[in-house]
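To start, the structure itself, in structure tokens.
Just follow the structure's listing: the first ligand is 1, and inside any ligand the first atom is 1. It should be emphasised that the depicted structure is a prediction, and the values quoted were computed from it without experimental measurement.
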Amino acid sequence: MSLNNIRIVMINTSHPGNIGAAARVMKNMGLSRLYLVNPKQFPNYEATAMASGADDLLSQATVCSSFEEALQGCRLVLGTTARERKIQHEFIDARDAGVLSIAESQQHEVALVFGRERTGLTNDEIGLCHKLINIPTNPDYSSLNVASAVQIVTYEVMMSLRTFNQTDTSIEVNKSEQDIGGSEEYASSENMERYYQHLQQTLIDIDFLHLQQSPQLMPKLRHIYNRIRLKQEELNILRGILNKTQKLKL
Ligand code: SAH
């Protein structure tokens with residue numbers, strides 16, 4: 001059992017020291033795949049200093065110019081946020097996130113996403129996450145340093161891996177398959193993005209959507225699909241319906 005299918009994605013990090021500190025805790029917890037979306041300063045000596053002996057993770061880190069690029073190949077995307085109840089989305093705590101990540105990483109790639117130091121994740125970025133992780137904190141002071149948040153979530157991943165390894169693997173694998181609803185693959189992030197583009201274009205074509213008048217429609221639709229989590233087979237059916245609908249219009 002390995003943690004190779006789990007990646008940590010840090011978005012637009014301002015302080016290079018936080019990237020280094022995150023790399024260090026990742027390596028402590030047995031994770032190695034770090035994705036950096038438009039980091040403000042990277043590579044940087046402060047990142048290297050804070051990484052201590054984990055500078056190998058920094059040199060292997062994948063630097064991306066968009067969040068979508070960092071999610072390529074992922075079929076489960078879990079975002080983290082300190083703002084719990086203000087956002088309408090499914091929330092889980094870090095412990096459940098560890099269990100879910102280990103169960104699903106047996107089948108496919110999983111992304112754990114961390115936001116900007118000051119402003120966290122944007123609504124658009126949250127729209128690309130299937131669920132949000134909130135680390136329970138003092139409600140009057142809930143915002144952790146981003147590397148501390150990486151520490152807590154990756155610790156839970158490590159603890160869940162230990163439990164998984166200690167139990168009968170065959171039973172656990174079956175259980176994880178059941179948890180995610182069978183062995184058929186979930187649609188990948190990039191296929192979902194293609195679907196959303198197709199859906200948006202079709203809704204415009206049939207005169208249902210006027211982007212300027214209803215800017216919230218697509219985010220709301222994304223929210224519905226994230227709640228359901230489509231399998232690839234199901235996505236193919238919906239793409240087929242969109243194709244037919246577009247032809248009817250022409
Ligand atoms: N106001 C921002 C705070 C950003 S803190 C927000 O509401 O999210 C920087 C990052 O650390 C966050 O984007 C998130 O990835 C992580 N983080 C901080 N506190 C957290 C918490 N209590 N639960 C989950 N993630 C948290």
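In the hydrophobic clustering, Y155 connects to M29, M158, M159, either directly or through intervening members, whenever side-chain heavy atoms lie under 4.5 Å apart.
At most 12 non-hydrogen atoms from other residues, nucleotides or ligands lie less than 6.0 angstrom from CZ of R24.
With sequence neighbours left out, the salt bridge (Lys or Arg N to Asp or Glu O under 4.0 Å) criterion links E125 to R116.
Taking NZ from K131 and CZ from F91, the interatomic distance works out to 12.5 Å, rounded to the nearest 0.5 Å.
Annotation: ligand 1 has protein neighbours T80, T81, A82, R83, F114, G115, R116, E117, R118, T119, G120, I133, N134, I135, T137, S142, S143, L144, V146, A149, each with a heavy atom less than 4.0 angstrom from the ligand.
Counting only distance, with no hydrogens or angles, the side chain of N18 and the backbone of V146 share no donor-acceptor pair below 3.5 Å.
Residue pairs meeting the salt bridge (charged side-chain N to carboxylate O under 4.0 Å, His left out) criterion with at least one partner in residues 144-161, sequence neighbours excluded, are R95-E156.
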